[in-house]
Amino acid sequence: MSLPLTWRSLMPPILPALTLLALLGPVMAGLVGTVMAGFGHLPAAGLTGPSTEPFRALWNWPGIVPAVRLSLQTGVAATLISLFVVVLLVAGWAGTRPFRLLLRLLSPLLSVPHAAAAFGLLFLIQPSGWIARGLSPWLSGWDRPPDLLLVQDPMGIALIAGLVAKEVPFLLLVTLAALGQIDSDGRQKVTTALGYGRIAGWLFTVLPALYPRIRLPVYVVLAYSMSVVDVAMILGPNTPPPLSVQIVRWMGDPDLKMRSLASAAALAQLALVVSALMVWRLAEVTTGQIARHMAYRGNRWAGDGWLRAASLGLGTVSVLAILTGLLGLAVWSFAARWNFPAVLPEALSLKTWHRSAPVALATLGTTLAIAGSATLIGLVLTIGCLETEERRHLRLTQRGLWLLYLPLLIPQTAFLPGMQTGLLNFGVDGTIWAVVLAHLVFVLPYLRLSLEGSYKSWDARQAAVAAAMGASASRIFLSLRLPMLLAPILTACAVAMAVSVGQYLPTLLVGGGRVQTLTTEALALAAGGDRRVIGVYALLQAAIALLPFALALALPALVWRNRRGMQHG
Amino acid sequence: MDDGLRLNTVTIRHLDHVLVSLDLHVAPGAILSVMGPSGSGKSTLLAAITGQLSRDFTLSGSITLNGRNLTELPPQARRVGILYQDHLLFPHLSVGANLAFGLRPGLARAARRVQVENALADIGLEGFHDRDPHSLSGGQKARVALMRMLLSDPALLLLDEPFSRLDAPLRARMRELVFAFASRRRLPTMLVTHDDEDARAAGGAIVRI
């Protein structure tokens, strides 16, 4: 079928092309910039390469071995633990009442920005935190905060805990979405009748079909946990910090020459993540072989009650940690005097909020403007792509899926330094639009992933009926598809807003310190240690990420209050 | 005590509405056919016996199998073998590994392999150990599913319309095979179907619900 060559027919393909450019352009350009600076070519700092001097300097940095070890160990541990908790939880409890309850608490936590969750956890577990207060002095005997390394410990245990608490909701929701695509009930019925314990039956028969569908999200978690900056600055050790944090420190050095060192370190970080992903892939294959070997032995593992209980316990702890953490942020932001062993402040006051309001409101405005713009642009591009694919009967291939995930798999620290130096050359770094562009890279994949399912499963017969009545493709799109997909579109927007609000490194590096959002502001306050102000900013950050979700739930219910057929889709 | 399956004044309610109310006995080696239109609660009755009844249903009365009260046991401990309409072979395991998955634990790997090979010969599938289940015909898949269940050494056989996906000649052969295994092992067998021919061919008592 040949399409008439009008501007209308030329319109759609432009959007997919633009989407690809917005998604991969900054990543690729950034990587090129990082490679050049890493090999000593940085004209802005008066360096002309190529040279291996930056790598030599990196190798001679005394912190290199501990920094690499920390990145590796926190990243791998956080991913393994999160995956274990999620797999055991779903294997042991999917479809039960406690599971549904846990899920209802967990889903909104997905949108809580990493930094806010990390601050909440910090306020909970630090020596003067809520847990220590709850145990003092009656049990611990402490009448002042104990001198213990409970956070920022050299092993990175607090950092791992913070990552796990945030990645469990993510992996759980991803797993449940994938579970709907395979016949897990049938498999479970058979394994139960054959006498297998719930968890063993699930691991032997459901997981092998499920894992390939959650592989990419697991890789995202691994890449992210190995290179995270904001959570590591809050909960991770300082001397030395994980490699990613050190890269950001070097990037922020007033001496521009340090950026070549930062870029060399960024390339090392990229190599580290790529190697970890490859080792992980090998481990998947080996685990699969061992599992098939064990399945042949026929052991039933029927007494798995303790393991089920443990998994539910772990899931509950991870939910409660974030929830009480957020509550702690709120209490601190309203606290008047609050001395150590007291569980609650002596009085509540609005003083901190009054004091912070002028700056906080301006920052809130910037945060919303950036998140709103990135979401809106991303939404137009994403729906444009989906509609074009629909009209041309294209499907997202496996390769397309990898492209979509690429910005989430390549460590931010690897391409953002290059992107910053690139923008520096054009003189557009430090503008709000540059930041929107950087956020778009991370917003686009999540928009696409959350819209994909509902867009593709929309009943095409509706369109066929309308077309038979003479409706044009545009009319079908505007007056049927969009309104009927109102709820999923709003949810996708809420996800996109939350993703943008949570971005730390893109805002910091591309904004060049001149664009402040709630996240960068909260992180800047972290060093000062004023818990009341941190409470204000982290709470605002969480609220602004959660609010769109509430709206995404409420609006369709309001709009369709007289349309029963639209209320459960 | 070896007296087969007994349902003593079993009543299954959905919310407050009585779905099934039954009192019956299936002796070892005997076959009972339960017939009824779809939605009459046949599958629900089987789920009550396997212990996989969903929470929306309530069960009263007792179900005993060779004197053991099944309702007090977790589903894994009931030793109830069930065959469904779909063969539900695990696609990531070879045909032989599917059978080994059903085979009771114990024995070394080599001895298990021998047992699995023997089982394959019993259903006319010699040399199929390493085959991909996907490459099997519908009738072959049904036989593997049957054998996988038998290898778990059940004390009761439940058949949830297991023949309805097969075409007529295959259906007759599969029925014969299942009933032959059941009577040779003296298993009490309950067949749930909406097909008169299946029930007649079973040759046992027929209950309509």
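Remember, it's a predicted structure, so these values are computed and weren't measured experimentally. Proteins get letters first, then strands, A, B, ... in listed order; numbering begins at 1 in each.
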Self-check item: Derivation and outcome, side chain to side chain contact (heavy atoms under 4.5 Å, CB included), residues B:Gln76 and A:Arg300
Solution: CA-CA 9 Å; B:Gln76 287 88 358; A:Arg300 261 46 175 182; over 6 Å; no
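- For chain A, no part of B:Arg79 is nearby; none of its heavy atoms comes within less than 4.5 Å.
- By number of non-hydrogen pairs under 4.5 angstrom with chain B, the leading residue of A:Gly186, A:Gly95, A:Ala302 is A:Gly186.
- Chain A is approached within less than 4.5 Å, heavy atom to heavy atom, by B:Pro91, B:His92, B:Leu93, B:Gly96, B:Ala97, B:Ala100, B:Phe101, B:Gly102 from residues 91-102 of chain B, ordered by number.
- The minimum heavy-atom distance between A:Lys189 and B:Tyr84, with the atom names listed, is CD-OH, 3.3 Å.
- For B:His129, the NE2 atom counts as densely surrounded, since its 6.0 Å shell holds more than 12 non-hydrogen atoms of other residues, nucleotides or ligands.
- With contacts defined as side-chain heavy-atom distances shorter than 4.5 Å, the pair B:Arg109/A:His293 qualifies.
- No part of B:Arg78 comes within reach of chain A, as not one of its non-hydrogen atoms sits under 4.5 angstrom from that chain.
- The environment of A:Trp280 atom CH2 is dense: over 12 non-hydrogen atoms of other residues, nucleotides or ligands sit within 6.0 angstrom.
- Shown here for A:Tyr296 and B:Arg112, the closest heavy-atom pair between the two residues is O-NE, 2.7 Å.
- The CD1 atom of B:Ile82 sits 11.0 Å away from the CG atom of A:Leu194 when rounded to the nearest 0.5 Å.
- Note that CZ of A:Arg297 and CG of B:Leu103 are 12.0 Å apart. Values are rounded to the nearest 0.5 Å.
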